[in-house]
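Throughout, protein chains are lettered first and strands after them, A, B, ... in sequence-line order, and every chain is numbered starting at 1. FYI, side chains are in, hydrogens and waters are out, and symmetry mates aren't considered; it's all heavy atoms of this structure. Being a predicted model, the structure only gives us computed values, none of them experimental.
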Amino acid sequence: MEIPRHWRLKKQRYALVGEVCPHCDAKIFPPRDVCPECGDEAKTLFEFSGRGEVYSYTTLSNAPAGYQASAPYTVALVKLDEGPMVTAQLTDIGEQDVEIGMPVEMVTRKLRSEGDDDRGMLVYGYKFRPMELQQLAAAAD
Amino acid sequence: MTDVVIAGIGQTTVGEHWHLSLRELAYHAIEAARLDAGGLLPQSLFVGNMLAPNLSGQAHLGVLIADFAGLRGIEAYTVEAAGASGGAALRAGYLAIKSGFVDVVLVVGVEKLTDKVGPEVDTAIATSLDSDYEAVQGMTPLTQGAMLMRRYFHEYGVPQHALAGFPVTAHANGASNPNAMFRKAIKPELYARVGMVCDPLNMFDAAPEADGAAAVLLTRADLLPPDANHTPIRIAGSSVATDTLSLHDRPDPLDFRAARLSVGQACLQAGLAIDQMDFFELCDAYSVYAALTLEAAGFAERGLGWVLAEEGQIGLKGSIPISTMGGLKARGNPIGATGLYQVVEAVQQLRGVAGNNQIPEAKNALIQCLGGPASTAVTHVLTVL
Ligand SMILES: [Zn+2]
């Protein structure tokens, strides 16, 4: 089982907590303790807004073990408003077409189901969904 | 400085080898390479492999293969760098000879995928990604290829079907390679009609992963047997570079930085410019990777790698032939063995024994394998001694 591993990652997975560099103010996600911009130590926690836009995306049918229940699903590279990019599934897409540049926001969802292998356990974490028009307006204020 | 030369080459066909085990596959390639090298006895074995611990429940391949190949007692271990494992193992062998500590090295790349089927194989292959931040989201290498392809088309306004030339060329060349998985040319019109695997990436944009093994024997030029009947081939440049593991950590994901750096370093060491290369065995795991690699290496401007394919410049008679024996697309992609297949094929070209696929008077070869989307890039320059 991998429970300690997923427990260790819960701040990142549930709240999109990364880091901010105390030296150059770069925002960092996933956390990596060494600032990729200036190379100094960066361990100050920083909670991202969870808003961003789609950099690229694709839809996968042949899913790996543990992901077949949700296939086909759409994965994306999401450019966060604060700068960094994250890899995440898109959810709650409904009938709308996904496109590059589409504004999205973070939600917490089930990432993988229990599989039949011994690594199979439920994992929850961030996904992103399209932002509604009123949310966009609110975010702009 | 000591010249490191390739004294022998061997390979199995690439495909679904249901009847052969991991160790048997490796042994077939080793046996062929040793025969080709005329009796040189290796003191070290480096194994390029990615998936054996996962798909065959087998780690510790160095001793497994050395023992099975009748080489009990020699130094032996695995070098792993995902799809670049074979190139990285060659690099380890090169350094061993160059150091002066070892006279004869055996390098084998081997991959056995068909011991498992379906989703388990996809899960194993996805271990080349960042497990905590990419694979956990259900990402696989295929989705990386598809997302880069979509962004490539978006950012540079590339016309639809512009990448067709890559699989068409690979399949044309694979048709006359007896070791290729696919030996049938495809018509360009077909590219526009085949099904999507991972939109916008279609069936012809993705190389098939399969079983295979390839091996080379390395030694110093002065140790070549006097009766050796092959043109000796020298490793003139060798370089490994890394980028971020994840695509999301890169300032510009369409810049294959590690591919660029390792080509630059290998060419600098060889004292050759890229326009002196007679051909380029590159990583066409996905069509867009071939385009991005040609751009990173300097054969095309950013966003214009696809034009080389469209204009036929990557064909056997073009300005920079690639995938001359079928590439990953048609020869097949035995992941950790791929880097060694590239070397074996380049040596065939430089010896002048590439048959229908021969590039006339080829003297200088550029070879590059990639782990992930150029997260690791291993580049070698081979020249006729
Ligand atoms: Zn900093």
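- At a 4.5 Å heavy-atom cutoff, the contact between A/A88 and chain B is made by backbone and side-chain atoms alike.
- Atom CZ of B/R257 sits in a sparse spot, with 12 or fewer heavy atoms from other residues, nucleotides or ligands closer than 6.0 Å.
- At a 4.5 Å heavy-atom cutoff, the contact between B/T143 and chain A is made by backbone and side-chain atoms alike.
- Scanning both residues, B/P119 and A/Q68, for their nearest heavy atoms gives CG-NE2, 2.9 Å.
- Using a 4.5 Å cut-off between heavy atoms, B/P253 touches chain A through backbone and side chain atoms alike.
- Interface check for chain A: of the options B/E134, B/E155, B/H154, the most heavy-atom pairs under 4.5 Å are formed by B/H154.
- Across B/A135 and A/Y67, no two heavy atoms sit closer than the pair O-OH, 3.3 Å.
- Contact between B/D252 and A/Y55 at its shortest, heavy atoms only, is OD1-OH, 4.5 Å.
- Between B/R250 and A/M85 the shortest heavy-atom distance is O-CE, 4.3 Å.
- Residue contact with chain B, scored on non-hydrogen atoms closer than 4.5 Å, involves the backbone of A/V86 exclusively.
- Counting heavy-atom neighbours within 6.0 Å of B/Q160 CD, excluding the residue itself, gives a total of 12 or less.
- If you measure heavy-atom distances from B/I125 to chain A, you find no contacts under 4.5 Å at all.
- Judged by distance alone, the side chain of B/R150 and the main-chain N or O of A/T58 form no donor-acceptor pair under 3.5 Å.
- With A/R13 contributing its side chain and B/D132 its backbone, the two residues share a donor-acceptor pair below 3.5 Å.
- B/D199 contributes atom CG, which lies 7.0 Å from atom OH of A/Y57 (distance to the nearest 0.5 angstrom).
- The candidate with the highest count of non-hydrogen atom pairs below 4.5 Å against chain B, out of A/N62, A/I100, A/V78, A/T59, is A/I100.
- Other residues, nucleotides and ligands contribute over 12 non-hydrogen atoms within 6.0 Å of the NE2 atom of B/H161.
- Taking both residues in full, the closest heavy atoms of A/L60 and B/C198 are given as CD1-SG, 4.0 Å, listed atom of the first, atom of the second, then distance.
- A donor-acceptor pair is defined here as one N or O able to donate and one able to accept, closer than 3.5 Å; such a pair exists between the side chain of B/Q137 and the backbone of A/Y126.
- Using a 4.5 Å cut-off between heavy atoms, A/L77 touches chain B through backbone and side chain atoms alike.
- Minimum heavy-atom separation, B/D249 to A/F29: OD1-O, 3.9 Å.
- In this structure, chain B has a heavy atom under 4.5 Å from the side chain of A/Y73, while its backbone stays farther away.
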